[in-house]
Participant: 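There's a structure below that I have some questions on.
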Amino acid sequence: MNLIEKLADLVGFHRDYIDAFGNQVTAKDEARRALLKAMGYDIDDEQAIAASITELEQQPWRKILPQVHIAKSEEHHHEVVVTFEQGVAEYFNWTITTEDGNEQSAQVNLADLRQGESAEFDGVVFTQYFLGLPRVADGYHELVVNYGEQTDSCHLIFAPQTCYSPNEAADFKMWGFAAQLYSLQSETNWGMGDYSDLTKLVKGAAARGASAIGLNPLHPLYQNNPAHRSPYSPTSRCFLNTQYIDVTAAPFYAQSKAAQALVASKEFQDKIAFARSTELIDYPAVADVKYQVLELLYSEFLAQNDTTLVAEFEAFKQANEAGLTRHATFEALYEHFRELDFNAYGWPKWPEAYQNPHSVEVSEFKAQNQERIGYFMYLQWLAHRQLLNAQHTAKADGMPVGLYLDLAVGCDGSGVDVWSDKDVYVAGASVGAPPDLLNTLGQDWGLTPINPVALKLQGYQPLVRALRSNMQYAGALRIDHILGLMRQYWVAPGMKADEGVFITYPLEDILRIIALESRRSQCVVIGEDLGTVPEGFGDIMQAHGLLSYKVLFFETWESGLFMRPEMYPEQSMVTVSTHDLPTLAGWWTGRDLEWRQNLNLYPNEQMGIDDRNNRVADRNHLLAALEDMQVIDMTKAPETSPAKMNRELSLAVQKYMALAPSRIQLIPLEDALENVEQVNIPGTIDEHPNWLQRIPVTLEELWDNQAMSDICQTMQQARPKN
């Protein structure tokens, strides 16, 4: 074994993997070298590599405590492994400081402890012992040990095994709608859906028996680069997209003479009319009108100095502390450098001194731009209170879940999360997916991965912040590509998407963290477990109370026959399709296959021919399944050749899914309204109108639309409340 391979093994890189086609793929040495270098290892010198290997092998022995210890709160006896250098002392002291500031401590005689393994390095013997711990409340604590002249500490986390379950939220099978928030049309919004539109959608859905509204990720993108539109490529996973703010619902909108004069002007009204009239959403046009007015409203907010609102704003800032300050500072710096250079998309394009959030130059910038930084904090506060209002409305109107949010798998490398915590991110590397049946070339998502070694060192706090930030608004949280918490596919800098390498993550620890945050927020967790899933992964998810993510198109036998609904696990969320897949109408008519052919997404012509032939059989299989479950009137079934969509099929498929024991069923608005075009085609950017399409009716007309009326009536019968 060469040194690079040994170092890669210790870090957690896989030597090979089995792809979706059953082939064994061996990791390239070139890819491992590039990824190790991106992680900060010196791989150009053999002595340096050897030193890194030695450190990784010996560090667990030379440290008294592990970096982090997660205690299983359901167990009756708790102990942690402590490692001591032989002969330094006979006694040691430990202290636990809980997250609320309470302390427990004791002195322990080594001779009283059960002894574990020993190891010797450079003539020094290190021995492991098992230290019993008292039971403390679930949460994030600190354990400190003093041994002779040595002191060590570790993150001590007491966490439950299972997440908050949908059975605890409701005693019936729930259903709801999935919406792309930007796609909502209304008579009042300024060109894209906003948080007030979401509240309207919630109220309408709740009145018709829905229990949840699923949404695209609402993470912030780049306020000063609104053309960057993918919700799965955020600058951070800890705050909100301020472009969804309903400007007219902000404090003092009606009282602000400056804002009212601007909005009433013909030029501004023309801009709003343009933003509302485009066939596809024009994000820069929407940003232009919204942020002009929001700047005036911030000035009005400062001038009014309303005691109650100022106290609310200050409480929001205090609750989010350093994270909010970093986020707002980043936004101000992004704006500043983009004005100097239009192509300065993110911190890697800034002068070197500003690439470090702790530099003197950044501190000076903060001091000189306090009001501008305050403005960006104010926008986050507005987004926070408007989204929170939507969830409070959902709960008040009887939705057991309410908002069902989506946590993206990672962050854009040029954004604030990577800028503010480079130690935990692997800049230059990218998260992706190996070749599979949907994308035979592999995928490079352009998202910067988290270093699992550094994540553990920080006591999983970056993950905790992301979970907590999203769960505060949600009754359910979908974790995108949850398989990445067990192993993640990294694409090395400069290499192709099919040349990636898998790396192991501490899955057991991470699932405990998710369970802890889930129970604290009473938030159901759904793991998006599509694609090539290792054997046993589903059992692991189930054991920790996460719902599996079941999509009709994928729930088939090798023969192509669709699985009967009773085959779906109760502990799952079911849906016909997702944002990355064709709508039901698009699938039935083969629109997705047309796109693949036109965009040259097939590696060879034969694969396209096979797909089109298989789709003919798939349609017949679906009709057979629907007929078998007696959810379709075959005299009204749609034509299969040429394939034409109809209402009977639309309703029958939802009835079919409703028969599953799965606790939650989501119906994409695109399916409810029988749209043909899908939301996003993975592997494309501008070739397809990804993240740009509006739903075809306004919210004011939505519930009177015959397709929506029929689907609501169907679901009320198929999955009634109580």
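Residues take their numbers from the sequence shown, with the count starting at 1. As the structure is a computational prediction, the values presented were derived from the model and not from experiment.
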Participant: Run the side-chain contact (heavy atoms from CB on, under 4.5 Å) test against A48 and tell me which residues pass, sequence neighbours left out.
Facilitator: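 A48: side-chain contact (heavy atoms from CB on, under 4.5 Å) contacts with D42, D45.
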
Participant: Quick check: do F316 and R385 have side-chain heavy atoms less than 4.5 Å from each other?
Facilitator: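 In short, these two side chains do not touch, never coming nearer than 4.5 Å.
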
Participant: Do D480 and Y232 pair up side chain to side chain, a donor and an acceptor below 3.5 Å, judged on atom types alone?
Facilitator: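 No, no side-chain donor-acceptor pair sits under 3.5 Å.
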
Participant: Any salt bridge linking D509 with R512? Criterion: basic side-chain nitrogen under 4.0 Å from a carboxylate oxygen.
Facilitator: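 Salt bridge flag = no for R512 with D509.
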
Participant: Are any of the side-chain nitrogens in E314 or K317 under 4.0 Å away from the carboxylate oxygens of its partner?
Facilitator: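 Yes, E314 and K317 are salt-bridged.
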
Participant: Testing F502, F13, W445 one by one against Y489 for a ring-ring contact (aromatic ring centres under 6.0 Å, His included), which residue passes?
Facilitator: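 Single ring-ring contact (aromatic ring centres under 6.0 Å, His included) partner of Y489 among F502, F13, W445: F502.
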
Participant: From E46 CD over to N2 CG, what is the distance, rounded to the nearest 0.5 angstrom?
Facilitator: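 Result: 9.0 Å between the selected atoms.
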
Participant: Got more than 12 heavy atoms from elsewhere within 6.0 Å of NZ, K37?
Facilitator: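 No, because the 6.0 Å sphere around NZ of K37 holds 12 heavy atoms or fewer from other groups.
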
Participant: Hey, what's the ring geometry for W350 with Y334, parallel, tilted or perpendicular (30° and 60° as the breaks)?
Facilitator: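 Correct class here is perpendicular.
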
Participant: Do the side chains of E99 and R520 get close enough for a salt bridge, i.e. N-O under 4.0 angstrom?
Facilitator: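 Yes, E99 and R520 are salt-bridged.
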
Participant: Between the side chains of D417 and S236, does any donor sit under 3.5 Å from an acceptor?
Facilitator: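 Distance-only check passes for D417 and S236.
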
Participant: Determine whether the aromatic ring centres of residues H78 and F158 are separated by less than 6.0 angstrom.
Facilitator: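 Between H78 and F158, which both carry aromatic rings, the centre distance is below 6.0 Å.
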
Participant: Do you know which two heavy atoms are closest between F130 and L113, and how far apart they sit?
Facilitator: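 Here F130 and L113 meet closest at O-CD2, 3.6 Å.
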
Participant: Should K496 and E30 count as an ion pair when the cut-off is N to O under 4.0 Å?
Facilitator: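 Looking at E30 together with K496, the answer is no, because their closest N to O distance does not fall below 4.0 Å.
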
Participant: A quick test of your reading: do over 12 heavy atoms of other residues, nucleotides or ligands sit less than 6.0 Å from CD of E117?
Facilitator: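 At most 12 heavy atoms, drawn from other residues, nucleotides or ligands, come within 6.0 Å of this atom.
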
Participant: Do the rings of F239 and H327 sit parallel, tilted or perpendicular, given the 30° and 60° boundaries?
Facilitator: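 Taking H327 first and then F239, their aromatic rings sit tilted (interplane angle of 30° to 60°).
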
